[in-house]
A.B. asks: 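Let me begin by handing over the structure; questions about it come next.
Starting from 1, each residue takes its place in the sequence as its number.
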Amino acid sequence: TMKILICEDNERKYNDIKEATRIVMPDAKITWCKYAKTGVQELRNNEYDFLIQDMQLPLHSDEKIMIKGGIYVLQKLQYYQHSYDINPNIKVCVCSSDIASKDILTSEGFDIPFIEYTSYTFVSDIKEFLTNE
């Protein structure tokens, strides 16, 4: 069974991502984290096959949304992959409704798939991300 972590603070967006994921992987075990720090903890405590990461989200429950909350998770992921605390083969994408997030990804040096949540190709983009070897 595939294990997928969705790190997303907006419940409606989470549900849409989950639905799109279920089309491709109906039996996947999906875990939801609303905050960057809980996402990192989850990645360290459990092995995941996929991470679908929002860009703008709070670090933890009592904080405001950070423009680069997703970058925090991606940097920690990279760090812990080097020390083998996190599955080095996890597939990662960023799913955001803000196209500026794609530029942030690039400027921070991350070359990973970017899925635009508001795009009409959203569902097929998720599908491609999950099935693309």
A.B. asks: How many angstroms lie between CG in L51 and CG in L74, if you round to the nearest 0.5 Å?
C.D. replies: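 Going from CG on L51 over to CG on L74, the span is 7.0 Å.
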
A.B. asks: I need the minimum non-hydrogen distance between C7 and Q53, along with the two atoms involved.
C.D. replies: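 The pair with the smallest heavy-atom distance is CB-OE1, 3.3 Å.
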
A.B. asks: Salt bridge (Lys or Arg N to Asp or Glu O under 4.0 Å), that's the test. Do K13 and D54 meet it? Break it down for me.
C.D. replies: CA-CA 10 Å; K13 199 170 137 196; D54 185 21; 3.0 Å; yes

A.B. asks: Does some side-chain heavy atom of T38 sit less than 4.5 Å from a side-chain heavy atom of E42?
C.D. replies: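 E42 does not reach T38 side chain to side chain.
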
A.B. asks: Quick check with a 6.0 Å cut-off and a 45 degree axis cone: is K3 positioned over the face of F50's six-membered ring?
C.D. replies: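 No, K3 does not sit over the ring of F50.
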
A.B. asks: Minimum heavy-atom separation for E8 and W32, please, with both atom names.
C.D. replies: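 Here E8 and W32 meet closest at O-NE1, 2.6 Å.
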
A.B. asks: Might you point out which heavy atoms bring Q56 and I67 nearest each other, and give the distance in Å?
C.D. replies: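 Distance-wise, the nearest heavy atoms are CG-O, 3.6 Å.
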
A.B. asks: Using a 4.5 Å cut-off on heavy atoms from C-beta on, say whether the side chain of Y48 contacts that of M2.
C.D. replies: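 They are not in contact (no side-chain heavy atoms under 4.5 Å apart), so the answer is no.
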
A.B. asks: Does any part of the side chain of T21, heavy atoms only, come nearer than 4.5 Å to the side chain of I4, both counted from C-beta?
C.D. replies: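 Yes - at least one pair of side-chain heavy atoms lies under 4.5 Å apart.
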
A.B. asks: May I ask you to check whether over 12 heavy atoms, not counting those of N45, lie within 6.0 Å of atom CG?
C.D. replies: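 Yes, CG of N45 has more than 12 neighbouring heavy atoms, counting only those of other groups under 6.0 Å.
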
A.B. asks: Does a side-chain heavy-atom distance below 4.5 Å link K34 with L57?
C.D. replies: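 K34 vs L57: side chains apart.
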
A.B. asks: Say you draw a straight line from SG of C95 to CG of D125; how long is it, rounded to the nearest 0.5 Å?
C.D. replies: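 The distance works out to 8.5 Å.
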
A.B. asks: Do E108 and K68 pass the salt bridge (Lys or Arg N to Asp or Glu O under 4.0 Å) test, and can you show the C-alpha distance, the side-chain angles, and the key distance before you say yes or no?
C.D. replies: CA-CA 10 Å; E108 293 286 341; K68 293 186 180 181; 2.7 Å; yes

A.B. asks: Under a 4.5 Å side-chain heavy-atom rule over Ile, Leu, Val, Met, Phe, Trp and Tyr, are I17 and Y35 clustered together?
C.D. replies: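 No, I17 does not connect to Y35 through the hydrophobic network.
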
A.B. asks: Does one hydrophobic cluster hold both I65 and Y72, with members joined at side-chain heavy-atom distances below 4.5 Å?
C.D. replies: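 Result: no, two separate clusters.
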
A.B. asks: So do L77 and V92 actually touch side chain to side chain, heavy atoms under 4.5 Å?
C.D. replies: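 In contact.
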
